[in-house]
K.L.:
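Got a structure here, written out as structure tokens. Questions coming.
Fair warning: this is a prediction, and the values are worked out from it, not measured in the lab. Below, each value reflects all heavy atoms present in this structure, side chains not excepted, and no hydrogens, waters or symmetry copies.
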Amino acid sequence: MTATGIALINRVGWLVATASCLMGGLGLASVQAQSSPVETAMRHVDFHVDSTLVMHIEYLRGRLIERHPGQPPWFDDPHSFDIEMDTASITLSTTALADLLNRYVFNYRGSPLRAVRVQVDHGRLEQSGRLHGLPFSIITDATVTPGGELRLHPTTIHAFGIGVQGLMHLFGLSLQKLADVGKAPGVRIAGNDLLLTPATMLPPPTTRGKLVAVALHDSALTLMFGGHGPVRPLVAPDARAVSYMYYRGGTIRFWTLTMTPADLLIVDHDPRDPFDFWLARYRAQLVAGTSRNTATGGLITEWPDYNKVRSKK
């Protein structure tokens with residue numbers, strides 16, 4: 001073979017190797033772009049768990065994290081992503097908390113607790129219902145453990161309307177021995193204390209976050225999440241937005257649309273009240289809304305509240 005032929009082969013080999021490296025690098029960049037989380041910020045959002053169970057998100061800063069590599073968060077599949085909270089303030093009415101416990105936490109075969117009701121009584125949380133079919137009520141102090149659990153410590157325990165705390169102690173009994181809640185997500189009992197991990201009690205999308213404080217009101221409780229140190233703010237592209245959800249970075253999917261990198265601001269069409277949003281029915285809000293693009297390629301879309309779309313239908 002001539003020297004020219006050898007040189008040509010070497011040249012072709014170099015080009016193939018270079019192209020291979022470039023393609024590999026592009027592929028890696030693509031995978032990294034898909035797997036990078038979607039940063040999110042929310043303000044004044046009434047977030048539906050189902051048709052009647054609603055959590056009020058005063059603020060939330062966190063991110064959406066894909067659950068399956070290469071499959072970005074998709075609004076149509078709540079199992080496709082987790083919501084990781086750096087900081088948040090979320091308020092649940094006592095009715096909503098009872099619904100959460102009855103519909104999702106203790107709604108399994110053999111559950112010892114049924115028909116749970118919750119109310120705030122003079123700065124304490126009172127739970128009542130049925131334990132193994134028998135009526136009970138417990139008045140508890142609500143505090144937060146160093147590990148981020150909501151501790152409900154009983155000050156009074158009644159069964160059939162009679163105080164039984166002393167009797168339980170006499171016979172060496174405790175709620176832990178009387179109620180096996182091993183199948184209940186986000187709940188455990190230590191002695192007579194009920195310990196809740198609120199973030200893991202919710203149905204998908206799975207929520208992560210450390211509880212740092214709790215405040216009781218007349219008919220609600222506010223859960224505050226944090227403990228991650230300084231949190232970088234995520235500023236919405238429209239300074240006039242009051243009630244909104246903002247997503248930036250990574251890849252996000254909604255309906256048949258995919259946005260990479262995400263720069264999506266969903267704004268309440270009526271800022272006079274919190275943004276009523278239901279992930280399972282968001283398409284109706286999207287269709288009834290309006291959208292505009294920003295100069296940087298982002299998308300700002302105004303949606304009506306879900307309860308207003310529903311009432312029109």
K.L.:
Any donor-acceptor pair under 3.5 Å linking the side-chain atoms of Thr222 with those of His217?
P.N.:
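Yes.
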K.L.:
Report yes or no: do Ser93 and Thr95 form a side-chain donor-acceptor pair below 3.5 Å?
P.N.:
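Looking only at side-chain atoms, Thr95 and Ser93 do not form any donor-acceptor pair under 3.5 Å.
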K.L.:
How about Asp50 and Tyr104: does a side-chain donor come under 3.5 Å of a side-chain acceptor?
P.N.:
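Yes.
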K.L.:
Return yes when atom NE2 of His122 has more than 12 non-hydrogen atoms of other residues, nucleotides or ligands closer than 6.0 Å, and no otherwise.
P.N.:
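Not buried by this count: 12 neighbours or fewer within 6.0 Å.
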K.L.:
Take Trp74 and Thr258 through the side chain to side chain contact (heavy atoms under 4.5 Å, CB included) test and state the conclusion after the steps.
P.N.:
CA-CA 9 Å; Trp74 187 26; Thr258 300; over 6 Å; no
K.L.:
Do you see a donor-acceptor pair shorter than 3.5 Å between the side chains of Ser291 and Thr301?
P.N.:
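Present: a donor and an acceptor within the cut-off.
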K.L.:
I need the Leu152 CG to Thr143 OG1 distance, nearest 0.5 Å.
P.N.:
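Going from CG on Leu152 over to OG1 on Thr143, the span is 8.0 Å.
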K.L.:
Return the orientation label for the Tyr306 and Trp278 ring planes: parallel under 30°, perpendicular over 60°, tilted otherwise.
P.N.:
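Perpendicular.
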K.L.:
Any idea which heavy atoms bring Pro233 and Arg61 closest together, and the distance?
P.N.:
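Scanning both residues, the minimum pair turns out to be C-NE, 4.0 Å.
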K.L.:
Between Asp276 and Arg310, does any NZ, NE, NH1 or NH2 come within less than 4.0 Å of an OD or OE carboxylate oxygen?
P.N.:
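No, this pair does not count.
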K.L.:
Taking the ring of Phe254 and the ring of Tyr247, is the distance between their centroids below 6.0 Å?
P.N.:
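No, ring centres 6.0 Å or more apart.
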K.L.:
Would you indicate whether His44, at its atom NE2, is surrounded by more than 12 heavy atoms from other residues, nucleotides or ligands within a distance under 6.0 Å?
P.N.:
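Counting neighbours around NE2 of His44, more than 12 heavy atoms of other residues, nucleotides or ligands fall under 6.0 Å, so yes.
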K.L.:
Give a yes-or-no answer on whether the side chains of Glu58 and His56 include a donor-acceptor pair shorter than 3.5 Å.
P.N.:
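Yes, a side-chain donor-acceptor pair sits under 3.5 Å.
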K.L.:
Please name the pair of heavy atoms, one in Val242 and one in Arg43, separated by the smallest distance, quoted to 0.1 Å.
P.N.:
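That closest heavy-atom pairing would be O-CB, 3.6 Å.
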K.L.:
I'd like to know if Arg253 and Asp77 make a salt bridge, using a cut-off of under 4.0 Å between side-chain N and carboxylate O.
P.N.:
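Looking at Arg253 and Asp77, the cut-off is not met.
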K.L.:
Arg114 and side-chain contact (heavy atoms from CB on, under 4.5 Å): which single residue from Leu131, Leu101, Asn107 fits?
P.N.:
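Going through the options one by one, the only one that passes is Asn107.
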K.L.:
For Trp303 and Tyr282, take the angle between the two ring planes, folded into 0 to 90°, and tell me which bin it lands in: parallel under 30, tilted 30 to 60, perpendicular over 60.
P.N.:
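Rings of Trp303 and Tyr282: parallel, under 30°.
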K.L.:
Would you say that Thr140 contacts Leu194 through its side chain, given a criterion of any heavy-atom pair below 4.5 Å between the two side chains?
P.N.:
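Answer no - side chains too far apart.
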K.L.:
Using 4.0 Å as the upper bound for N to carboxylate O, is an ion pair formed by Glu39 and Arg248?
P.N.:
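No.
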K.L.:
Return the minimal non-hydrogen interatomic distance between Gln119 and Thr94, and the atom names on each side.
P.N.:
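It is CA-CG2, 4.0 Å.
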